[in-house]
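Presented below is the structure to which this report refers.
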Amino acid sequence: MNENETEKLPPFYKTLKNYARKKAALWSTPGHASGRGMQATPAGKDFYEFYGRNLFLSDLSSSVADLGSILEHEGPAGEAERQAAEIFGAQTTFFVLNGTSTANKIVFFATVAPNDVVLVDRNCHKSIMHAIIMNEAIPIYLRPKPSSYGLLGPISLEEMTPQAVKEKVQQSKWVRNKKAPKVQLAVLTNSTYDGVIYNADKVKSLLANQTHFLLFDEAWFAYAAFHPFYDGRYAMSPFQKKRGVHMPAVFATQSTHKMLLAFSQGSMLHFKQGTGKQELDPQGLVEANLMHASTSPFYPLFASLDVSARIMRDRGYELINKALDQAIRFRHVVRLAGERYRKSGTWWFTPWQPPRKRLEKDPAQWKMQPGASWTGTAVNEEDDLLLDPLKVTLLTPGVRADASMEEEGIPAAVVRKFLERKNIVPEKIGFYNLLFLFAPGVSIDRSRELLQALHAFKTAYDENEPLQDVFPDLVAQHPDFYRPEEGLKDLCARLHRFLKKRQIMKTVSSLYSTLPEQALLPHKAYYGLVEGKTEYVPLGEAAGRVSVFMILPYPPGVPLIMPGERFPSEGGEILGFLQISQDFDNLFPGFETEFHGIKKVYENGQTVYMINCLKKIKDISFRMDRHPSAPPEETLETPEQAPSSNGAGPAD
Ligand SMILES: *Cc1c(COP(=O)(O)O)cnc(C)c1O
């Protein structure tokens with residue numbers, strides 16, 4: 001390594017590389033001993049050769065002193081994190097090797113104790129919900145705005161005013177001390193899954209006097225610090241000092257592997273003290289990290305975070321600027337094609353964005369203006385929300401801005417299947433939308449490829465190409481459902497008719513508008529599971545029952561119902577949505593929605609969703625005594641007492 005090269009390399013990676021070159025005699029783990037152990041069989045050899053010598057040479061035991069201690073944040077490892085803190089604008093940064101899923105839990109463990117109140121984005125990632133269970137917290141929720149395109153609506157600042165938060169606390173039957181309703185931790189997903197960015201500065205000031213700690217889950221937003229487009233809109237952006245307002249201590253958790261350049265599972269946790277008197281003891285953060293970290297960290301993964309930070313330091317602006325250019329260019333080309341097609345009276349994909357001829361990198365152009373129909377959501381001026389150009393949502397035909405459905409439509413699941421056959425994978429889909437991420441690694445060629453594939457879909461659709469050509473596997477696997485000569489357009493029409501008849505968009509857009517009753521705190525419902533006090537019931541019998549699991553469609557992984565929440569006895573949107581999904585699975589195999597928290601069983605030729613419910617709440621008494629601040633047992637409603645329209649009582 002020449003001197004120049006050494007200067008360019010960040011601290012941990014540099015040391016790791018040098019150490020690997022020494023080929024030291026290691027009498028320690030890992031057992032593969034720099035890969036030598038792999039040579040015993042063809043599979044081992046193949047694995048070694050596929051990944052290459054250097055991976056094995058740098059997969060080291062934490063007993064190698066030269067590299068410092070990842071767990072103690074010392075030596076080159078600690079130096080790597082200190083540099084990353086500076087690069088990302090934090091006071092303290094930890095590299096977390098089990099994804100933002102774990103980074104979120106670390107934040108909770110460092111800040112939340114049992115029965116603390118947490119104010120949580122209802123559209124947040126399931127890891128936040130897991131943390132609520134693990135910390136035995138009392139969640140109150142920030143409700144998102146309904147969104148008519150089936151996107152996940154943003155949270156309005158209205159939900160965060162002192163008045164609104166106080167009401168939420170007062171409505172919670174679990175909060176004992178309603179007089180001083182300070183929230184311990186507030187959590188917001190920034191950006192939303194569809195790329196709506198909050199004005200983080202406003203959120204910080206608004207929540208300043210209401211919460212001790214504030215966490216922005218920026219799993220998809222680690223790049224914000226590197227481009228002025230995002231000024232003031234991310235967790236670690238510098239505090240704007242305001243007289244009389246103390247900023248809360250702020251955390252950001254970022255999946256460096258998602259939109260930046262680390263290996264999968266590489267995540268960063270950033271922290272900045274607030275301006276008030278109460279400071280977080282950094283040692284608490286260290287301890288919380290230790291509780292979640294393996295004692296055998298994977299060094300190449302840690303090194304990838306180090307390198308990722310260095311790349312952003314050296315070229316962050318250029319990379320993000322170029323990604324923005326590419327995303328905006330792609331959007332432009334898609335929009336132009338739409339104009340051309342519309343002139344000839346035919347359909348095309350609509351990029352979800354402000355309807356301007358020329359969009360540029362000017363944040364003002366990307367603002368979600370109140371009353372602008374393209375947003376599909378009733379935002380307020382005050383909210384100051386931006387659409388992130390890098391998160392490109394394409395709407396397929398079928399849904400109007402008011403969530404009503406058109407006569408003809410193209411469900412996104414069909415487009416996804418078509419793209420899959422061309423090895424193109426969107427980040428997620430909704431019923432009538434697909435999301436593509438323009439990460440710094442995306443090249444012009446890639447976006448050209450995507451465009452070509454979309455055009456190919458249009459041709460196949462317009463010409464109603466037979467399924468035996470378009471989806472031969474589907475026809476082969478499910479001959480009872482798809483005839484080889486059925487056309488692609490006919491198939492779309494069939495799916496769309498079903499979704500329209502069942503009013504899917506109406507259901508989806510109001511999924512989060514009323515929250516289910518919190519019959520039990522999430523962790524209590526979970527303990528019911530541990531104690532075997534639960535049972536599976538078919539979806540049709542779940543009304544009025546209390547869910548044990550978090551149920552969520554994946555991706556994106558946002559919970560529909562939380563453990564301990566009761567399905568409304570009159571059914572409601574969540575069960576309605578699940579019912580539609582179940583029926584859809586039965587009518588259109590091969591296009592199923594993946595759910596977590598639901599057991600799909602196959603009975604008499606039909607898929608039935610089975611929901612895990614608590615048998616009787618009053619049985620869940622076993623650990624109540626460990627929670628003295630919870631209301632006494634008698635005040636808990638049992639399922640029998642719940643109003644029930646169809647007699648679906650507990651079956652125990
Ligand atoms: C993906 C995601 C996570 C979890 O991140 P991993 O790095 O996959 O563990 C957390 N929060 C949000 C908002 C996410 O989208």
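Remember, it's 1-based here, ligands and their atoms both numbered in the order they're listed.
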Nearest neighbour of atom 11 (N) of ligand 1 from the list N98, D217, T256, on a heavy-atom basis: D217
For T189, the ligand 1 atoms whose distance to one of its heavy atoms is below 4.0 Å: 13 (C)
Side chain to side chain contact (heavy atoms under 4.5 Å, CB included) partners for P363, two or more places apart: F229, L386
Within 6.0 angstrom of R143 CZ, more than 12 heavy atoms from elsewhere: no
Backbone or side-chain N or O of T100 under 3.5 Å from ligand 1 N or O: yes
Donor-acceptor pair between N380 and E158 side chains, under 3.5 angstrom: yes
For F438, the option from Y223, F330, W220 that meets ring-ring contact (aromatic ring centres under 6.0 Å, His included): F330
Under-4.0 Å heavy-atom contact with ligand 1, by part of A219 that carries it: side chain
CZ on R82 to NE2 on H73, rounded to 0.5 Å: 10.0 Å
Those residues that, when tested against V379, pass side chain to side chain contact (heavy atoms under 4.5 Å, CB included) (two or more places apart): P154, M368, T377, L385
Contact atoms of ligand 1, heavy-atom distance to G99 under 4.0 Å: 6 (P), 7 (O), 9 (O)
Proximity flag H257 to ligand 1, non-hydrogen atoms under 4.0 Å: yes
K367/D384 salt bridge by N-O under 4.0 Å criterion: yes
Mutual orientation of the aromatic rings belonging to Y317 and H227 [parallel < 30°, tilted 30-60°, perpendicular > 60°]: parallel
Interfacing atoms of ligand 1 (cut-off 4.0 Å, heavy-atom, S101): 4 (C), 5 (O), 6 (P), 9 (O)
Those atoms of ligand 1 less than 4.0 Å from some heavy atom in S255: 5 (O), 6 (P), 7 (O)
Nitrogen or oxygen of W220 less than 3.5 angstrom from that of ligand 1: yes
Winner among K258, K126, K428, K105 once heavy atoms are compared against atom 1 (C) of ligand 1: K258
Contacting atoms of ligand 1, where contact means under 4.0 angstrom from a heavy atom of Y193: 12 (C), 13 (C), 14 (C), 15 (O)
